[in-house]
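Per chain, numbering begins at 1; letters A, B, ... match sequence-line order.
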There are 2 protein chains.
Amino acid sequence: MATIKDISQLTGFSITTVSRALNGYSDVSESTRKLIKEAAESLSYSPNGLARGLVMKETKTLGLLVSGMTYKNIDNNFVFEVLCGINDSAANSDYDLILFSTNTAKQKMKTYTQLCRERKVDGVILQGVKTDDPYLQEVLDSDIPCVLIDIPIQSENVGYVSTNHKESAQAAVEHLIRLGHQKIAMINGYPEAFVSKERFEGFVTAMDQAGLNWKREWVVNGDFTEEEAQHQAVKLLRAYPEITAFFCASDMMALGVIKAANEMGLSVPGQLSIVGFDDIPTAVYFQPPLTTIGQNMYQLGYEAANLLMRMLKSEDSPKSNVLRNELILRSSTDKPHHRNI
Amino acid sequence: MATIKDISQLTGFSITTVSRALNGYSDVSESTRKLIKEAAESLSYSPNGLARGLVMKETKTLGLLVSGMTYKNIDNNFVFEVLCGINDSAANSDYDLILFSTNTAKQKMKTYTQLCRERKVDGVILQGVKTDDPYLQEVLDSDIPCVLIDIPIQSENVGYVSTNHKESAQAAVEHLIRLGHQKIAMINGYPEAFVSKERFEGFVTAMDQAGLNWKREWVVNGDFTEEEAQHQAVKLLRAYPEITAFFCASDMMALGVIKAANEMGLSVPGQLSIVGFDDIPTAVYFQPPLTTIGQNMYQLGYEAANLLMRMLKSEDSPKSNVLRNELILRSSTDKPHHRNI
DNA sequence: TTGTATGCGTTATCAG
DNA sequence: CTGATAACGCATACAA
């Protein structure tokens, strides 16, 4: 609870001098600096960040607005990996992170801008917002430096970090095509996710370039959940027995499809090939181990924080960074064997 | 960037009145309150948390000091689950969380107390610190309200939240004993972890109560890592072929033991039974699915934040909360079949 | 019911 | 090299 005032009284120097001495200004003699530092030590002084932030207009704090840090997403360490990356990067530059805990309920109470301004964060990283999220427009209107994760929008003070969703989705489907699959279905997430849109485009591109005509009905939304994906896959497999492969927009949904195959008595990959997306830690333990698109979420977070801090230093470097995903071949894909044979 | 001063000028009321009106004091007429609120709205005013915190000596902020939010622990969503629980609980009471990003490197630069005082957090939750961590003593010396996770220490302003490690470890071993195992080895974490100590005690109690004499050499440390556990298990299985079961202090180490069994050509659970601890999401996908002790880490985090916020309201309710774990039976344990048969 | 004056702990401006 | 003094934005005891 000691303040510079206490140090001032103890040493006899003015508040000003104490402040300058402690902050390493050069226009204070080494002898007084030594005295002051000793006094600070003996009083176990620590500067008050609030007071400092109030006058300096800089808090060395990054805001983190994450949809999905709640009970239902607990299995999705996706969010956590990003968080670790952000954390490590911020730590290197002496920033601390503040987690805005915003339920969807509270989202209506406090706007994005209010949240940030109250806490006086220097910048914000946004993760998990949807296209129809009201926050999104606010971000663009606001003057707070912001980095979006997986939303390719850019402006004066908003940048983004993402991965090449379209290309890697395309690569996943091309892998299936190369194996000989022609009747390929897709389980997507939900329309409000940017990534869903991009992954769908990748699917379409791959199919079109291969000259395969695909049915609109074969592309369905699985809400990024295992259950819904399983449900949709069963429906699809019943209605269209000719389907030999699934491309899923997430590993958990791929797991749902695996279960659907089990439910239908279809072997994987013997009678049904499945590709996922994400490469969650569990994917390698699936039965069979899942062929999937690997995303380096840690690096994504790391780069997001890096980009934001560069923006704060008003370096006018590029305001976006798109990382490359990687197709990981495991055992859930194989040549097609029509199940009526 | 609008302040109450701006509102004051716009409406003609004094700063005081504006402040009181906005904060819902009763001694301001409804008509002026309405005027002031409208002005605030039109200026899109948000209060400055720094200024407020400076005078109120309360920031509505909880500090979070987590060892292990870094790259190497990324597979361990343990930390994440706790975080989600804390987050949800804090959100319900309008607290925000600040993540102290402290490398072990920086740990020497800034003390625990400095970290907290600079940020003026109202209280702190500590996770993942070891018994020999210098921060631990600081916590006890400091006057900042604090809740420890999985460290049973308590004082005027520090409480803790944990699970019944000893009893549940005991239950795990008793399960093995009930199946008929007598030669049971244990892979523990490391000595500096409180939980390791407690889980070890549970092991000892179960063995002693069953009248089984166990060898000190059969209890080894696996550093909570898959690799080290595998290494140690292989060593143990080579030296003591009579071992028929392993109790592991974490699921990842149990996985290491499964791999050790594979390496040695032993079937699980046919020739070797294995029990883990944690119930990570992956455990159910192990080959075979892992019998383990399930910890509800989300709830642990939730209760930690709850406890801390109760302490902040200086309610003198109990300062500790010990949750109960649950033995989850899957397929990695069975009756012993001596491998020479 | 409203306004005046003061302080929270810092940094910054400008004199000495 | 050092020291008054004024901000920063807000809340509160005390007057009116």
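The environment of A:Lys37 atom NZ is sparse: at most 12 non-hydrogen atoms of other residues, nucleotides or ligands sit within 6.0 angstrom. Heavy-atom contacts from other residues, nucleotides or ligands closer than 6.0 Å to CG of A:Asp27 number more than 12.
Look at CZ on A:Arg33: it is 10 Å from P on D:dC1, rounded to the nearest Å. Between B:Leu50 atom CG and D:dC10 atom P the separation is 10 Å, expressed in whole Å. B:Glu118 has its CD atom 13 Å from the C1' atom of C:dT10, to the nearest Å.
Ion pair B:Glu30/B:Lys34 not flagged as a salt bridge, since none of the NZ, NE, NH1 or NH2 atoms sits closer than 4.0 Å to an Asp/Glu carboxylate oxygen. A salt bridge links B:Asp96 to A:Arg119: at least one charged side-chain nitrogen sits closer than 4.0 Å to a carboxylate oxygen.
When each of B:Glu30 and A:Met56 is assigned the nucleotide of DNA chain C bearing its nearest heavy atom, the one mapping closer to the 5' terminus is B:Glu30.
Nearest nucleotide to the A:Lys5 side chain, out of D:dC10, D:dC8, C:dC8: C:dC8. Between C:dT2, C:dG9, D:dC10, one nucleotide has an atom nearer to the side chain of A:Thr3 than all others, and that is C:dG9. Listed nucleotides D:dC1, C:dG9, D:dC10 differ in distance to B:Asn48; the shortest reach to its side chain belongs to D:dC10.
A:Ile15 comes within contact range of at least one nucleobase, with a heavy-atom separation under 4.0 Å. Within 4.0 Å of A:Ser46, counting heavy atoms only, lie sugar-phosphate atoms of the nucleic acid but no base atom. Within 4.0 Å (heavy atoms only), B:Val55 reaches at least one base atom of the nucleic acid.
Scanning residues 7-14 of chain A for heavy-atom distances under 4.0 Å to DNA chain C yields an empty list. Of the residues in residues 17-27 of chain A, those lying under 4.0 Å from DNA chain D by heavy-atom distance are A:Thr17, A:Asp27.
At distances below 3.5 Å, not a single donor-acceptor pair connects side-chain atoms of A:Ser314 with backbone N or O atoms of A:Met311.
When only modelled atom types and interatomic distance are considered, A:Thr61 and A:Asp122 share no side-chain donor-acceptor pair under 3.5 Å. Judged by distance alone, the side chains of B:Glu138 and B:Thr111 do bring a donor and an acceptor atom under 3.5 Å apart.
OP1 or OP2 of C:dG9 has not a single side-chain nitrogen or oxygen of A:Arg52 nearer than 4.0 Å.
Below the 3.5 angstrom threshold, one finds no donor paired with an acceptor across the side chain of B:Thr16 and the base of D:dA11.
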I'd like to know whether B:Val139 forms a side-chain contact (heavy atoms from CB on, under 4.5 Å) with B:Leu126, so could you lay out the CA-CA distance, the side-chain angles of the two residues, the decisive distance to 0.1 Å, and finally the verdict.
CA-CA 9 Å; B:Val139 169; B:Leu126 244 76; 3.8 Å; yes
